[in-house]
Amino acid sequence: MKRLTVLTMLLIFVQHLSAQICNGSLGDPIVNITFGAGSNPGLQLSAATTSYQYFSSDCPNDGFYALRNSTSACFGNTWHSTTDHTGDGNGYFMLVNASLQPSAFYIDTVRNLCGNTTYEFAAWVLNILKPSACSGAGNQPNLTFTLEKTDGTILQSYNTSNIPATNAPQWKQYGFFFTTPLAATDVVLRIVNNAQGGCGNDLALDDITFRACGPQLTTSISGTTSTFESMCEGTSNTYTFNVNVSNGFNNPVVQWQQRTDGGAWTDIAGANSLSYTRTFPSSAVAGNYAFRITAAEAGNMNISQCRIASTPMIIQVLSNPTAAAFSNSPVCEESNIILNATGDNVTWSGPGGFVGNGTSVTIPNAQQSNAGKYYVTTVNSNCNRFDSTIVTVHSNPVVTINKDEVILCEGDSVELIVSGADSYNWSPSSFLSSSNETSVLAYPVDSTVYSVIGKNSIGCSDTISVKINVLSKPVANAGSDRSLVEGTMIQLSGTATGDGISYYWVGPDIITPQSLTTSINPSTDAIYVLHVVSNTGCGVDTDTANVHVFKKLNIPNAFSPNNDGVNDSWSIPGLNSYPGAEVSIFNRNGQQLLHSNNFAAWNGRSGERKLPAGVYYYIINVHNNLPLVSGWVMLIY
């Protein structure tokens, strides 16, 4: 048996991991050295792990190392800038600047390996030096991975050969497989850098793993070609998981495991055959349920380090989408129905073949035919959820009013009466006896449209309007009183306002009685009345103009104040008909000789001075809006 083990180890020759792919299945890592995670810098390793000196900053010198989550442009940008090989910005890696002489820079002990078990050892390495550094002749890392017994006996070794520089940072995984002796053992991992230090031979190390390797475990789910199935929350399904174990174990045993939402793997009691059936009840909580089978040689199953594991099969219980339907019900006729829902991919159906999409849908101008139950469906990852909401559409009241249109005379009022609702609101409220009564008295001063909103007990409304046309009443203005001299003619000029009016004059000697401007020639004092008539029934208005007729003056043009008893003075017959008349007399030079407000006669004197014979001029102002009277008179002796 010992000779068989040695032969088996010899058959597993050492080369780059890309040529050492495990043809079977791997177990979970029993050693997984990630160097941890956090902010820069990482804490130093124990002295037993490395003989290099710890460097607390970026860019360690020869024979130093640092634990970093990133390195940036060290040594004049001759090193690559990088993070760990997974791209995790917080994950540490070991950044090594090789010592000048070849040496081991990492040592660790792996304990409690299973006997007669094949393991994969692997580590990720990056040549941190750029190809252009060191004038293009930088030293290349050359690593040897050695597995030894604790007494120093070498069990297995593997050399990477020179790791070339690359134009961009390129992490590469190196490793090999080895089989342990029949008895469980501890092994020492030693990583030696065989190249010289100085310019180059600088590297990064990350994720060192040991994993069991065994036969190929091929899994399937009955009835499907996929290893991933989904079901909706609230449904029930049964799945059968199967495995085929290829050759490789002498006496294999299996154990099914499960985990939920990325938790720890746990054994399923009694699940030790090549198939396992699980029923998911409708009460299953949403989540990712993973199943796999582990295998090991008989006698090693109870040791986790000895197991290999299949690719997980996933049953995903999908959360049902939220589905809650709401509306603004109840609504009144002719208003908008608003349907609201929560969830994704929302569709609606309802009365009269209604269909709609979206979390908010509006149905305008609601009618009784729109009343009823509306259903909403939401879809999330192929899972459906349903809900509904009931929409009630209330009828609007029918409001009527006792008038269609009103013609109203200025200053009058009209009663407006509405019916058909429970409450009312009139607008505008000006010139109304009330703004919320069934019966209101309207007395607008101008034409106005009054609207009234009537509401029933549940708040639905109807609106009706009435127009009141206000007509202006007739207004007559005959003008001011007038005067004229007997035998002359004057004009009467009146005004008339109002809607739909006609007018006429009443009085003596009117030439055109139906005209606001008309000529008159009365012989005596007279009264003239202007009548303005509303043709729309808004009444009649009148106004009076008094006309005074003055006698015509008969003015003598000569007199002789010689005391012979004939024409001894100049007097004006009829002047006494013009009370307050003013008489002025002038000589031919325009000099005023006499002015009188109470003229009776002129004796040819200016004061006490006797005037010479000749022609003199007079101006008589009779007032009363009559023209001035002027002329001449001859003074004779």
Side-chain angles (χ1 to χ4, degrees), residues 16-17 33-38 40-47 49-108 122-146 157-175 189-208:
H16 188 283
L17 187 60
I33 301 169
T34 66
F35 299 107
N40 283 322
L43 298 178
Q44 70 182 83
L45 302 174
S46 66
T49 302
T50 181
S51 60
Y52 278 35
Q53 297 185 64
Y54 174 72
F55 193 70
S56 60
S57 298
D58 199 6
C59 310
N61 293 316
D62 291 339
F64 286 78
Y65 77 95
L67 287 186
R68 307 288 298 173
N69 61 32
S70 65
T71 182
S72 178
C74 288
F75 303 109
N77 200 28
T78 60
W79 281 17
H80 288 298
S81 298
T82 188
T83 58
D84 82 349
H85 89 91
T86 67
D88 181 0
N90 288 318
Y92 291 137
F93 56 89
M94 185 178 182
L95 182 62
V96 178
N97 192 330
S99 60
L100 294 178
Q101 299 299 321
S103 64
F105 66 90
Y106 187 86
I107 303 171
D108 201 357
W124 289 87
V125 180
L126 166 68
N127 184 344
I128 200 72
L129 195 70
K130 292 183 176 181
S132 59
C134 307
S135 300
N139 295 330
Q140 297 177 340
N142 184 299
L143 306 183
T144 296
F145 300 99
T146 302
S157 65
Y158 164 67
N159 180 256
T160 63
S161 300
N162 287 343
I163 301 174
T166 54
N167 291 324
Q170 182 176 330
W171 285 93
K172 203 167 186 180
Q173 191 179 39
Y174 295 89
L189 167 65
R190 190 183 307 275
I191 304 177
V192 176
N193 194 337
N194 303 306
Q196 296 287 332
C199 194
N201 192 19
D202 307 312
L203 59 92
L205 177 69
D206 199 9
D207 287 349
I208 302 170

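Sequence positions, counted from 1, serve as the residue numbers for this chain.
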Determine, step by step, whether Thr82 and Trp171 satisfy the side chain to side chain contact (heavy atoms under 4.5 Å, CB included) criterion, reporting the C-alpha distance in whole Å, the side-chain angles of both residues, the deciding distance to 0.1 Å, and the verdict.
CA-CA 10 Å; Thr82 188; Trp171 285 93; 3.6 Å; yes

Smallest separation among heavy atoms of [X] and [Y], with atom names:
X: Ile208; Y: Ala123; result: CG1-CB, 4.0 Å
X: Pro164; Y: Gln140; result: CA-NE2, 3.7 Å
X: Ala104; Y: Ser51; result: O-OG, 3.2 Å
X: Asn193; Y: Ala98; result: ND2-CB, 3.6 Å
X: Met94; Y: Tyr106; result: SD-CD1, 4.1 Å
X: Leu67; Y: Tyr54; result: N-CE1, 4.5 Å

Hey, is the main chain of [Y] close enough, under 3.5 Å, to the side chain of [X] for a donor-acceptor pair?
X: His80; Y: Thr166; result: yes
X: Thr50; Y: Tyr52; result: yes
X: Thr78; Y: Ala133; result: no
X: Asn201; Y: Ala195; result: yes
X: Tyr65; Y: Leu45; result: yes
X: Thr144; Y: Val192; result: no
X: Asn194; Y: Pro102; result: no
X: Asn69; Y: Ala37; result: no
X: Ser70; Y: Ser81; result: no
X: Asp58; Y: Thr71; result: no

[atom1] of [X] to [atom2] of [Y]: how many Å apart, nearest 0.5 Å?
X: Cys59; Y: Arg68; atom1: SG; atom2: CZ; result: 7.5 Å
X: Gln196; Y: Asp62; atom1: CD; atom2: CG; result: 11.0 Å
X: Leu43; Y: Ser56; atom1: CG; atom2: OG; result: 11.0 Å
X: Leu189; Y: Ile33; atom1: CG; atom2: CD1; result: 7.0 Å

If we check ring pair (Phe, Tyr, Trp, His ring centres under 6.0 Å) with His85, which of these qualifies: Phe35, Phe93, Trp124, Tyr92?
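Only match with His85 under ring pair (Phe, Tyr, Trp, His ring centres under 6.0 Å): Trp124.
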
Please assess Val125 against Leu205 for the test side chain to side chain contact (heavy atoms under 4.5 Å, CB included), listing each intermediate value before the final yes or no.
CA-CA 5 Å; Val125 180; Leu205 177 69; 4.0 Å; yes

Heavy-atom distance under 4.5 Å between the side chains of Ser157 and Asn159, does that happen here?
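No, every pair of side-chain atoms sits at 4.5 Å or beyond.
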
pair Asn167-Pro131: side-chain heavy atoms closer than 4.5 Å
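Result yes, sub-4.5 Å side-chain heavy-atom pair found.
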
Using the ring of each side chain (for Trp, its six-membered ring), is Tyr174 parallel, tilted or perpendicular to Tyr158, with breaks at 30° and 60°?
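Correct class here is tilted.
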
Any chance you could lay out the side chain to side chain contact (heavy atoms under 4.5 Å, CB included) test for Ile191 and Phe105, step after step, and finish with the verdict?
CA-CA 6 Å; Ile191 304 177; Phe105 66 90; 3.5 Å; yes

Picking from Asn97, Ile128, Leu129, Asp202, what satisfies side chain to side chain contact (heavy atoms under 4.5 Å, CB included) with Phe75?
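So, applying the side chain to side chain contact (heavy atoms under 4.5 Å, CB included) to Phe75 and each of Asn97, Ile128, Leu129, Asp202, only Asn97 qualifies.
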
Residue list, side chain to side chain contact (heavy atoms under 4.5 Å, CB included) with Ser57, at least two apart or on another chain
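Ser57 satisfies side chain to side chain contact (heavy atoms under 4.5 Å, CB included) with Phe55 once adjacent residues are dropped.
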
I'd like to know whether CG of Leu100 has more than 12 heavy-atom contacts from other residues, nucleotides or ligands below 6.0 angstrom.
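Result for CG/Leu100: enclosed.
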
Exceeds 12 heavy-atom contacts within 6.0 angstrom, atom CG of Asn61:
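Correct, the count exceeds 12.
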
Would Leu143 and Leu203 satisfy side chain to side chain contact (heavy atoms under 4.5 Å, CB included), going step by step from the backbone distance to the final call?
CA-CA 10 Å; Leu143 306 183; Leu203 59 92; 3.8 Å; yes

Salt bridge (Lys or Arg N to Asp or Glu O under 4.0 Å) involving Asp207 - partner list, sequence neighbours excluded
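Scan of Asp207 (salt bridge (Lys or Arg N to Asp or Glu O under 4.0 Å), adjacent residues dropped) gives none.
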
